There are 2 protein chains.
Amino acid sequence: MTDQAKMQTATAIIVRNEAFLAEADRLKPELREKAVRPGQLVQVEEDSTAVHGYRSRPVADAAELEERSFGRGESFILDFGDHRVGYLSFAIRTVGSPPDAPLKVKLTFGEMPVEVAVPFETYDGWISSAWLQEETLFVDVMPHRVELPRRYSFRYVKVEVLATSQKYAVSFHDFACRTVTSADSGQLTPLQHADPVLEQLDRISIRTLEDCMQDVFEDGPKRDRRLWLGDLRLQALANYETFNQNELVKRCLYLFAGVPDEKGRVSANLFIQPTVIADDTYLFDYSLFFAASLYDYFAATNDRQTLRELWPTAYRQVELALERVDETGIVRDDETWWSFIDWHDQLNKQAPSQGVLLYTLKRAVLLAEAVGEPSIAAQLTETIAALTAATLRELWDAEQQFFVSGALRQVSWAGQVWLALAEILPPADNRDLLLRLQAANPEVGMTTPYMVHHFVEALLIAGCKEEAIAQMKAYWGEMAQDGADTFWELYDPNDKSFSPYGSPLINSYCHAWSCTPTYLIRRYGL
Amino acid sequence: MTDQAKMQTATAIIVRNEAFLAEADRLKPELREKAVRPGQLVQVEEDSTAVHGYRSRPVADAAELEERSFGRGESFILDFGDHRVGYLSFAIRTVGSPPDAPLKVKLTFGEMPVEVAVPFETYDGWISSAWLQEETLFVDVMPHRVELPRRYSFRYVKVEVLATSQKYAVSFHDFACRTVTSADSGQLTPLQHADPVLEQLDRISIRTLEDCMQDVFEDGPKRDRRLWLGDLRLQALANYETFNQNELVKRCLYLFAGVPDEKGRVSANLFIQPTVIADDTYLFDYSLFFAASLYDYFAATNDRQTLRELWPTAYRQVELALERVDETGIVRDDETWWSFIDWHDQLNKQAPSQGVLLYTLKRAVLLAEAVGEPSIAAQLTETIAALTAATLRELWDAEQQFFVSGALRQVSWAGQVWLALAEILPPADNRDLLLRLQAANPEVGMTTPYMVHHFVEALLIAGCKEEAIAQMKAYWGEMAQDGADTFWELYDPNDKSFSPYGSPLINSYCHAWSCTPTYLIRRYGL
């Protein structure tokens, strides 16, 4: 996810836990590298039936590039065949007289065809245009091998010769992407599934996860290239079912626990370079997910030492969240955007946040027991009972048969989903709630794969396996049909050009929070 | 000078003389470095009285930069106080939240205010826009020290913040230019002169020469950064009167002699990187200047060994030039542009080229004698007599009292100047010719400092010291008044926005062939 919109002007004092940070450092993974060469030269053409309006069409084998030369104003597009994360290099030689002026060449990287078709200059969205992946290079001496120092996330590379001279042209050869990931595909058991669509969704999920697994679990290798707690939680779940590289999860948990603020609160996300820095964004739900993620980690690994070390941090998030519960037993709703839940301007966050709190409290009880804190477990169990009663009393609308949220008693998808995941209704009632939700389809819907994941998992917990599979196919399946090499940050089947940022150019097309079909399929035996 | 317009489609075979190239390599100078910091923050404003329409105005001490921060769309211009050639570095830190997006920043370098005022996108001239000095950088991790790997030639640097994010701004500090030159100003005797204008011209000439003295004598550190024979000859003359770094001249002569074509012809210019490459441009006058330059070198150094080694190359240029002399004793005029002389579309090259040939022949005789080739000396002396007679017979127009050139019998400045420098008329007649030239002012005039140099030297040889000084003041003096920190490649006092390239943005404002006032002042004791 991305932080600008949920900016919170905090001047937090960070209390570094050097032992935790040293442990995180010790767990830093080695990156695995692979040289990947482009397969095709392509043209990208307007096509109103394609998502974002552009489609690529192969025009020649990439090997033919070497035979061609390019003068001022000429360009070509290479297709690396699949989504790639890594470092680009290529060689340039000159054709004609000795080069009597520098070469000026522009590179544009695209995860999607639209990015190499629509000029970045047209972008006018609210998040930084610096995320748009491009470079303008001057080469003074040729022949020359260009080794770009920045990492890119792409399938397509457009190369435009902006200037040579009247006396020479240039020829390009030996394009290669040195891909990087900390994922070890050797650890992977391929899924053999009778349903080819589920097999496809599993494969694309894993590619998405793989390309996001770097020094840390990144949210997206194009944007924001950062460790977010909400994304980490889902990546970790997918990882336990696939790569099973649990030390990377452990590293990320230690990083978050290493830079809390003076109240002990963990940040929504961390910067890893130049040193570990907690962002000044704190989110009600994301902080709680530290505890939920520790629960998942312990369930996957039974690593008691880590549990013991990180339990105080996890418990502290719960304590801080409970401070937001008012005298009626419901999390306080106010003007500041303190909980993420989903990318939706109209969404009231109260009911879904109450759901996240209850969801986490139930896992915290189990952690308290595992860590040998029976009195805390007992106290949390009492809190759960009180909050459950309060939720049913304050938020359940018996007439509408939905949970409502905020002063305006909003009925949203997110509210029902999170209170279903909190499992405060009997299982049969949860099932009815979710089916009723689908039937009623309230206006305040879901906008991200992240939110759709939670809906599908709620269906599965409530035993609605068929509906869950149908929802996955309707969502990730259609995304795959629409050309996703890796799963996209944002996708609305009813509004395929949706971007909360003002332009699809800036969307991330390989995004951690979208990688969960592999988890859902494998964990729930779909 | 610049080569595109005098392109000649030759497919020359280069015969490398490895011994000469090894000697040139041995003579490679060490570059002297100096850290220079900017003095002022300036604004550049339109001013119709300024050359090219812009003037800079100091607005703050550069030290104040550190206190300021810059968001998207904000910019500033630094003034490094004088013309600089070198490598720029600076540091960036962020202000506000941790940087949650890369920084995109654009740098534009200007030798003149116009370059940091008029967007380079407007340039539409015929030589490569890649010479326009700019960089667009993305910085992923901050704080960061930027060390730009390319060398720039500039006084002004404009810094534009193209993108940050909504959460942070940037602050810049510690700008420095690591200047480079192979000139050793410790070797310099400052000129004490009663005339402050001549003192100023001497100083600016030396700054120009210094900034062009790198691995080789470059024509211009902004453009073309290359070793041209025509420029070398004048730089060497200025060098003998100032830095006296004669090994650099020797190195350049060995480089030219190291890569002749299969006929033994030396190229008009060399590329030094990635290896020594002779450009495929061959010019009648420039090739002859190899011999003239060797003469000047020997006169300055009395280095007989170099003379012995390079004499065959020098003599070969004379032989090849004489092959162009037709049965009437005049160099053949034809459609190909085989002689440079000056940047002038209308200029017929026959008469001035005949002048260059005679000028060189007279020096070749002296070299032949010095090298112990009396029979060659005698033969060349005969040739000079024959060509002199032919020139007076075929090119002298007794009615107009001017030399004429080509089938259309053009009367040009360049024709009179070069035939005056050839000294084929008695001294008094040469003097009258030049004064008559000034009075008549034929339409085909002089367009470059390079050509004006030859006019001034012709005046001095003819004894017109007062006129020579007046001409220098009217030309280089006015250039200095117009703000030249170093002398410009191109200057026409009657048309100050003149550029043969289609835009003053691409002109070079520190150009070797303009550095001769110091030579003229010191050599002729002005």
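Note that the structure is a prediction, hence the values are computed from the model and not measured. We name chains A, B, ... by the order of the sequence lines, and we start the count at 1 in each one.
Across every non-hydrogen atom of A:Pro102 and B:Ser128, the tightest pair is O-OG, 4.0 Å.
Here A:Glu134 is the residue among A:Glu134, A:Glu135, A:Arg72 with the most heavy-atom pairs under 4.5 Å with chain B. Per-residue heavy-atom pair counts under 4.5 Å with chain B were compared for A:Ser129, A:Ala163, A:Ala130, and the maximum is reached by A:Ala130. Looking only at heavy-atom pairs under 4.5 Å with chain B, the residue among A:Gln273, A:Lys104, A:Arg225, A:Arg150 that has the most is A:Arg150.
When heavy atoms are compared at a cutoff of 4.5 Å, B:Leu132 approaches chain A solely by way of its backbone atoms N, CA, C and O. B:Arg151 does not touch chain A: none of its heavy atoms, backbone or side chain, sits under 4.5 Å away.
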- Task: For B:Phe271 and A:Asp100, run side-chain contact (heavy atoms from CB on, under 4.5 Å): C-alpha distance rounded to whole Å, both residues' side-chain angles, the deciding distance at 0.1 Å, then the answer.
- Result: CA-CA 8 Å; B:Phe271 300 89; A:Asp100 58 332; 4.0 Å; yes
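Between B:Asp140 and A:Arg226 there is no salt bridge, since none of the side-chain N atoms of the basic residue sits less than 4.0 Å from a carboxylate O of the acidic one.
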